[in-house]
Each structure stands twice: as C-alpha cells, then as structure tokens.
Protein chains: 2
Amino acid sequence: MRVLSKATVYGLRALVYMASERERTGYVSIGEISERLNISFHFLTKTFQTLTQHGILESYRGPNGGVALTKPADQLFLTDIVHVLEGVDFFDKCLLGLPGCGTFAPCPVHDFWKAAKEAMKNEFDNTSLAELGEKVTDERFRLVA
Amino acid sequence: MRVLSKATVYGLRALVYMASERERTGYVSIGEISERLNISFHFLTKTFQTLTQHGILESYRGPNGGVALTKPADQLFLTDIVHVLEGVDFFDKCLLGLPGCGTFAPCPVHDFWKAAKEAMKNEFDNTSLAELGEKVTDERFRLVA
DNA sequence: TAGTTTTGGGACAAAATTGTCTTAAATATA
DNA sequence: TATATTTAAGACAATTTTGTCCCAAAACTA
Ligand code: SF4
Ligand code: SF4
C-alpha cells in the first residue's frame, strides 16, 4: 500500500521538520534537514526544487542560505504539497484503475473507494504543516526512525 | 495515490470477472479473460501463476483447461488476494514510511492513518469476490473501460 | 502417435522510480 | 578579489515495476 512516493514522503517529512522549528527565522539549509532526517541530500534537493518552482518554498543561495516556507505553516496544507509532488489528480486515482470513471459507470468497488478517498482528501485538506510541526515540537511525535 | 500495483489491479479485475460468470463450471482460460478485460495475456498469466501457487486458483492445462477458483467466490475475500499479491504486511504500511512504527513512537499523521488503514482493512476483509462479481453480472458495474 | 491447446517458467526488454554525482550559479565574507 | 557556502540543473546509475517473448510441460483430440 504505497499511497505516497518516496519523493513525497521525504518532502513532507522535511517540510514538517521545517514547520516544527517554530522559533527559527531565515533560511534552513537542505544539508541540515537531510542530516537530521537521514534523507539523501541530493534527492531531497531535487524534491525541494520542485516545491520551490511551485511556490511552496522560496530558496536563497550562499552562506546562511537555504529554503523557507513561502507562507506561514498554518496556511500550508497537505493537499497543497501533494498536488505539487504527486499531481493535481492525486485524489482522483482509482482502486481498480479504470479510466474515465465517475458515478455513471462505476466499477464494483466504487462506493467504498469514493468514501475512502473523500475521507483522505478531507484530512489532507484540513491538516496544515503547522499542526504536524507542533506535534513534533512537543516531543510527542517523531519524524525519523 | 497508487494503493495497489498494476499486477494486483489486473489480478483482482480478472478474479472478479471469473466470479461474475456465475453459471459457468469448469475452467476459464486466461486467454479469454485477458481478451475480455483488455489485459496483457502474459502479464496476467504471471500474476495468476502466483495466485495458483498460493492456493487462490487451481489450474489445468490443455484444451478446455484454464484456471478456476479453489473456493466458492463468497469465501474468497479481497484481503486474501491482496495478501498474496502485495504481501501479508500490506495493511501495515505507513504514510510517512518510518520503520518500526506503532502506537509507542508514532509519527504526526499516525492517528489519521491508523483509522484510514483500519477502515480499508475492514472493507477488504469483508468484501468477497462473489459480492463484486454479482455487481458486474447485474450490469450495474463494469470491469473494463 | 501427431498435432493442438493451454498453463508453467524463465529470460529479456522497457519504463518508472529512486538514488548519486558533477558542475554551474548565486551569495556572503574575509 | 578569492574562497567558502549553498541551491540549481541535469547527467547518470541502480532498482523496481511493468510488459513481452520463447520454449517446455501437460493434457486433450484426431
Ligand atoms: S469506478 Fe470508482 S473506484 Fe472504480 S476505478 Fe472508477 S473511480 Fe475508481
Ligand atoms: S507512526 Fe503510524 S502513520 Fe506514521 S509511519 Fe508509523 S505506522 Fe505509519
């Protein structure tokens, strides 16, 4: 059950880490994040470039450079990130993979899957990076093995 | 959002097709299924070999040969198939992919994901091939684009 | 027995995903 | 200006997934 690609998983973990560093101002370097979270630096860099190109992050080069969220963490939701990294059709994907689906000509698992997808979309729509970051800051949850 | 691999999707569609052919006795050839459902014959054959090796199907070679469900379709549940094709740890997979998870040291999305996984597992545990096959037989649902 | 049908098994190829590396560009600081 | 730091970009390799193909084995039919 691979819901998210590795690239998305790494990107999300990294963003939540950034959101968890509430006090910090300025840029956080990708090197720091990849070290703390044990993620390949180059792989994470590529994912972050995508996020930068799509307005989730802004970047700054040179000493003390790095990346920063373009908006306050409580205004960035999981759906925003997933749309960039997995595509805007993320929540339209089908369990049985039949093209051109809908309620008109559904497959036999449609009813269940529609509800499951909506629950997931609802959760992603309403969960902000700030919310997840707080859980980490408060030591109750972890981002790394 | 790729919950199931192509191999599993094809296998499931094919099994539901078999279940939908209520009246038929004897073996159904893989060639017929692959043609009707527009699935690569060789790819489906490999998936079916896995299912045969794990007791979901029994096969018979030669003219009028093919495959058949080893049990009545109402005794074969989605979980059974998914366990064979995706692994028995299918429902243990994590949204953020942290190893060694559990309730002790959860990641920040654990609460939601645990509930979502349980809902899915519950559905898969209780949905039989017969149930899905009936929906297809009754013309209300489709298996092919 | 010979020929046909069908699954079994494995080699192989193509494509997608994941991961690594090198070089360039931008920026800061000494 | 020279050097160090850091992201940008893209080439490249490794791995996994997906898909194709060939031939053998089993079973039926004539
Ligand atoms: S009918 Fe519904 S569940 Fe089935 S493949 Fe289409 S959208 Fe997905
Ligand atoms: S803590 Fe829960 S949701 Fe998070 S990775 Fe582990 S099992 Fe999955």
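Chain A is the first sequence line, chain B the second, and so forth, proteins listed ahead of strands; every chain is numbered from 1.
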Taking 4.0 angstrom as the limit, do A:Arg22 and A:Asp138 come out as a salt bridge? yes

Under 6.0 Å from the NZ atom of B:Lys93, do we count more than 12 heavy atoms belonging to anything else shown? yes

By nearest-heavy-atom nucleotide on DNA chain C, the more 5' of B:Val28 and A:Tyr10 is B:Val28

Rounded to whole Å, the CD-P distance (B:Glu35 to C:dT5) equals 14 Å

In B/S/- notation (B base, S sugar-phosphate only, - none; protein heavy atoms under 4.0 Å), nucleotides 20-30 of chain C written 5' to 3' is BBB--BBBS--

From CZ of B:Arg13 across to P of D:dT18 the rounded distance in Å is 13 Å

Do the side chains of A:Leu95 and B:Val3 get nearer than 4.5 Å, heavy atoms only?
-> yes

Between CZ of A:Phe48 and P of D:dT7 the distance, given in whole Å, is 9 Å

Side-chain N or O of B:Gln53 closer than 4.0 Å to phosphate OP1/OP2 of C:dG8
no

- prompt: For C:dT7, does either OP1 or OP2 sit under 4.0 Å from a side-chain N or O belonging to B:Tyr27?
  reply: no

Practice problem: Look at A:Arg2 and C:dA16 and indicate whether a side-chain polar atom (N or O) is within less than 4.0 Å of OP1 or OP2. | Solution: no

- Query: Does atom CG of A:Asn122 have more than 12 heavy-atom neighbours from other groups under 6.0 Å away?
  - Reply: yes

message: Less than 4.0 angstrom between a side-chain N/O of B:Thr45 and OP1 or OP2 of C:dG8, yes or no?
response: no

